[in-house]
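Let me begin by presenting the structure, written as structure tokens, before commenting on it.
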Amino acid sequence: MRTLRLRATALAGSVLLSTLLPAPPAHAGSAPTLAGRLAAVQAANTINYYPSNAGWTSMWTNFDVVRLHADLNKAAALGADSVRVIVFPQTFGYPVPSTTYTTELSTFVDLAEANGLDVKLTLFDWWSGYSDVAGSITWAQTLVAPYANDPRVIAVELKNEISPTDATAMTWARQLIPAIRTTAPAMPITLTVDGASGATGMGTLKTQLATTPLDYYDFHFYGASERSLAEIRRAQTAVAPDPMVIGETGLSTVAASEGEQGAYLARVFRAAGEAGVGSVAPWTLNDFAAGAIPANSSVSTQPAQYKFGLHRTDGTPKFSASVVDGAWTTGSTPNSILNLGFEAAAAESPWRQYLPQAGAAVVTTESARTGTRSAKFSGTTRSGSNLPSLLTSPITPVQAGQAWHAEAYARGTGATGVTEIALSWFDINGTWIGQNTSNRLPTGTTGWTKLAVDTVAPAGAASVQLHLKSGDNTGTVYYDDVALS
């Protein structure tokens, strides 16, 4: 089915590019229902999107049909079936949107359709004019009305990351929600809070909107991916019994490797599946080039914001693109993502150094149990009771009472000190609970020796780290063939 869809997408794209703009589509059949759209939202493979050269408001002031079409085609090839698009009052014109920009929005919806994608529409970004309720209603109704019965638009988010503790904002929202429902009664409506507010913010939002409830809740998750199941469940509890999706999630590759980014998204997809959340939307399709984010925004001054993409600015895919492709098209997020045999390129490895000042591990071809590479420690020290290590966390989410097994093979050449593996447990707040350690590699020169841990996740555990340790080692130790389940 995917092959047929992509062939149809390519055909639609060919027609689109030959004319630049598609003919206005005709939508035959019955009008969409609230239940039908809500079901689509809860199962959507949604991508958050701006072009790599024109983020936020620049997407609209530098509207590039050819680039948009190519990007949406790329998103569809990953398995996306919907795209989130964000609009801005100060750009579109307020309180009456300009026909220039409403036409661009219509064209974007056409482009999404040409690539087999539905649209989730976010209103009122970069906006704080909450005192003008009448103008806000005019603007929102004008934008939403053309899509009230258009099946290509499956949801409206009233505002991106509203503050639920802002009384004026909440008064505004309580008046805007029924106004949009009057215009589009079959359109699901949601709101989001910022990622730092988390479940607490979502619970406050629900309380504030008790008299004008949302149709579903949209969770922006940027916390520790190792604890994502616990965080997702806490958010679900905050808004229960209403449905919830994950509308933004991801990791910037400014300070993390592309392998860490891929593992991050794999953990969130796995956790969402375990929690029964059927829609996870990565932020974002593309990295942003220098100058792509409008200079008048605080976002433009944050280096991390430029590197959340599944693709680099030259259009080539990062490792995370293949992770999302697997999650969307086959539901597969295999342990091979973790590079447990050290065979992947350095950029695609999620392993991290712990206490590197006491001795950092390097990947080498000097000695391998299988394949061609292993991880090597030599000349290490320690810091108090802490030993230098390589660490990673499983893709499978942690739940208290689960049985866990970890193993790795190690060999020494004139090794001294302590070489062992350990599972370190943390609660939902990231507080260390304790650890379980393996048998130790004998000192001296040894053959490949299995180090293993078998244990049960303790009460309160929300995440675990696997550490490959070697401290006080004046010789050399190699690690290979790690397993974690």
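Bear in mind that the values here come from a model prediction, so they are computed numbers and not experimental data.
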(message) What I'd like to find out is whether the side chain of Phe88 reaches to under 4.5 Å of the side chain of Tyr94, using heavy atoms alone.
(response) no

(request) State, yes or no, whether a side-chain contact exists between Trp283 and Thr249 at a heavy-atom distance under 4.5 Å. (result) no

(request) Applying side chain to side chain donor-acceptor pair (under 3.5 Å), name anything that partners Thr204, two or more places apart in sequence or on another chain. (result) none

(message) Measuring only between side-chain heavy atoms, which start at C-beta, is Asn339 closer than 4.5 Å to Glu348?
(response) no

(message) Are Leu310 and Pro317 packed together at the side-chain level, in the sense that at least one heavy-atom pair is separated by less than 4.5 angstrom?
(response) no

(request) Output all residues satisfying side chain to side chain contact (heavy atoms under 4.5 Å, CB included) with Gln141, sequence neighbours left out; order by chain, then residue number. (result) Ile137, Ala179, Thr183

(request) Can you measure from CG (Leu191) to CD1 (Ile177) and round to the nearest 0.5 angstrom? (result) 5.5 Å

(message) Would you call the rings of Trp425 and Trp404 parallel, tilted or perpendicular, taking 30° and 60° as the class edges?
(response) perpendicular

(message) Is there a side-chain contact between Lys318 and Gln261 in this structure, where contact means two heavy atoms from C-beta onward sitting under 4.5 Å apart?
(response) yes

(message) Do Tyr354 and His467 have side chains that approach each other closer than 4.5 Å (heavy atoms only, starting at C-beta)?
(response) yes

(request) Output yes when Arg312 and Glu258 qualify as a salt bridge under the 4.0 Å nitrogen-oxygen rule, no when they do not. (result) yes

(message) Looking at Lys120 and Glu248, is any side-chain nitrogen of the basic one under 4.0 Å from a carboxylate oxygen of the acidic one?
(response) no

(request) Taking Ser197 for its side chain and Val193 for its backbone only, find out whether a donor-acceptor pair lies under 3.5 Å. (result) no

(request) Going by the salt bridge (Lys or Arg N to Asp or Glu O under 4.0 Å) test, name the single residue among Asp81, Asp118, Asp110 that passes it with Arg152. (result) Asp110

(request) Evaluate the side-chain proximity of Phe426 to Gln465: yes if any heavy-atom separation is below 4.5 Å, no if none is. (result) yes

(message) I want to check something: taking the side chain as every heavy atom from C-beta on, are Leu143 and Trp139 in contact at a cut-off of under 4.5 Å?
(response) yes

(request) May I ask you to decide if the ring planes of His220 and Tyr222 are parallel, tilted or perpendicular, using 30° and 60° as cut-offs? (result) perpendicular

(request) Using a strict cut-off of less than 4.0 Å between a Lys/Arg side-chain nitrogen and an Asp/Glu carboxylate oxygen, indicate whether Glu343 and Arg373 qualify as a salt bridge. (result) no

(request) Only counting residues at least two apart or in another chain, list the ones meeting ring pair (Phe, Tyr, Trp, His ring centres under 6.0 Å) with Phe319. (result) none

(message) Quick check on the 6.0 Å ring-centre criterion: do Phe124 and Trp172 meet it?
(response) yes

(message) Salt bridge check, Arg84 against Asp218: does any charged N sit closer than 4.0 Å to a carboxylate O?
(response) no

